[in-house]
> 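Let me begin by handing over the structure; questions about it come next.
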Amino acid sequence: MDCIFCEIAAGNIPAKKVFEDDDVIAFLDVNPASFGHTLVVPKQHVRNFMEADAATIGKVFGVASALGRVLQEKLGASGMNLLSNAGESAGQTVDHFHIHLIPRYDDRTQEALTLEFGPMDLDLDQVLAQIQH
């Protein structure tokens with residue numbers, strides 16, 4: 001397997017680590033969306049959050065929550081985006097579960113993260129029925 005996050009977790013590729021324990025590593029993103037953009041990654045390889053077991057999810061999200069507070073306090077962020085892409089169509093570029101912690105700043109509007117939310121021409125009852133079927 002050729003996984004850059006597994007190589008980082010094993011110490012074979014250097015990274016700017018902000019946290020590490022036996023199960024999780026967190027490091028600064030080399031292509032950041034904002035100042036302090038950090039990735040939280042389980043050391044055990046799993047493709048995405050939908051394939052991770054509950055223990056892994058709990059560990060990774062626990063670290064993400066704690067680190068989010070640290071980033072907000074230490075970097076002076078006014079908010080935080082938490083994002084995990086699952087699958088290429090969702091923007092996943094590394095096939096290893098990871099969470100993006102993206103600090104947000106009132107005075108840095110050029111770093112705006114945009115997702116388009118708004119009215120769509122769809123029948124919510126039909127969507128709900130399909131999910132529940």
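Small disclaimer: the values here were computed from a predicted structure and weren't measured. Reckoned from all heavy atoms, side chains included, excluding hydrogens, waters and symmetry mates.
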> Measuring from Leu83:CG to Ile102:CD1, what's the distance to the nearest 0.5 Å?
5.5 Å

> Determine, for Asp23 against Lys59, whether the closest basic-nitrogen to carboxylate-oxygen distance falls under 4.0 angstrom.
yes

> Ignoring hydrogens and geometry, is there a side-chain-to-backbone donor-acceptor pair from His37 to Ala33 under 3.5 Å?
yes

> Could you give the distance from CE (Met50) to CD1 (Ile57), rounded to the nearest 0.5 Å?
10.0 Å

> If the condition is side chain to side chain donor-acceptor pair (under 3.5 Å), which residues does Asp95 pass it with, not counting sequence neighbours?
none

> Could you pull out the closest heavy-atom pair between Met80 and Gly68, with the gap in Å?
CE-O, 3.4 Å

> Check Pro42 against Thr56 and note the closest heavy-atom contact, atom names and distance.
CB-CG2, 3.8 Å

> Quick one: do Val18 and Val70 end up in the same hydrophobic cluster if we chain Ile, Leu, Val, Met, Phe, Trp and Tyr together by side-chain heavy atoms under 4.5 Å apart?
no

> For the hydrophobic clusters of this structure (ILVMFWY residues joined by side-chain heavy atoms under 4.5 Å, transitively), does one cluster hold both Val41 and Val94?
yes

> How about Gln44: does its CD atom have over 12 heavy atoms from other parts shown lying under 6.0 Å from it?
no

> Do you reckon Val60 sits in the same ILVMFWY cluster as Leu67, going by side-chain contacts under 4.5 Å, direct or chained?
yes

> Taking all atoms of both residues into account, what is the closest heavy-atom pair of Gly36 and Leu28, and its distance?
O-CD2, 4.1 Å

> Going by heavy atoms in the side chains, are Phe35 and Pro103 under 4.5 Å from each other?
no

> Which atom names give the shortest non-hydrogen contact between His45 and His96, and what distance separates them?
ND1-ND1, 3.0 Å

> Could you tell me the separation between the NZ atom of Lys17 and the CZ atom of Phe27, rounded to the nearest 0.5 Å?
10.0 Å

> Among residues at least two apart in sequence or on other chains, which ones pass side-chain contact (heavy atoms from CB on, under 4.5 Å) with Leu82?
Phe61, Ala64, Ile99, Leu101

> About how many Å separate OH of Tyr105 and OG of Ser34, when rounded to the nearest 0.5 Å?
5.5 Å

> Quick check: do Val40 and Phe19 have side-chain heavy atoms less than 4.5 Å from each other?
no

> To the closest 0.5 Å, what do you measure between CD1 (Ile131) and CG (Leu124)?
9.5 Å

> Would a single hydrophobic cluster contain both Val63 and Phe97, if residues Ile, Leu, Val, Met, Phe, Trp and Tyr are joined by side-chain heavy-atom contacts under 4.5 Å?
yes

> Answer yes or no: is there a side-chain heavy-atom contact under 4.5 Å between Leu122 and Val127?
yes

> What's the separation between atom OG1 in Thr93 and atom CG in Asn85, rounded to the nearest 0.5 Å?
7.5 Å

> Please check this pair: side chain of Ser89 against backbone of Gly87, looking for a donor-acceptor N/O pair closer than 3.5 Å.
no

> For Arg47 and Glu51, work out which heavy atoms get closest and say how close.
NH2-OE2, 2.9 Å

> What do you reckon, are the aromatic ring centroids of His100 and His98 less than 6.0 Å apart?
yes

> When you compare the side chain of Lys43 with that of Val24, does any pair of heavy atoms fall below 4.5 Å?
no

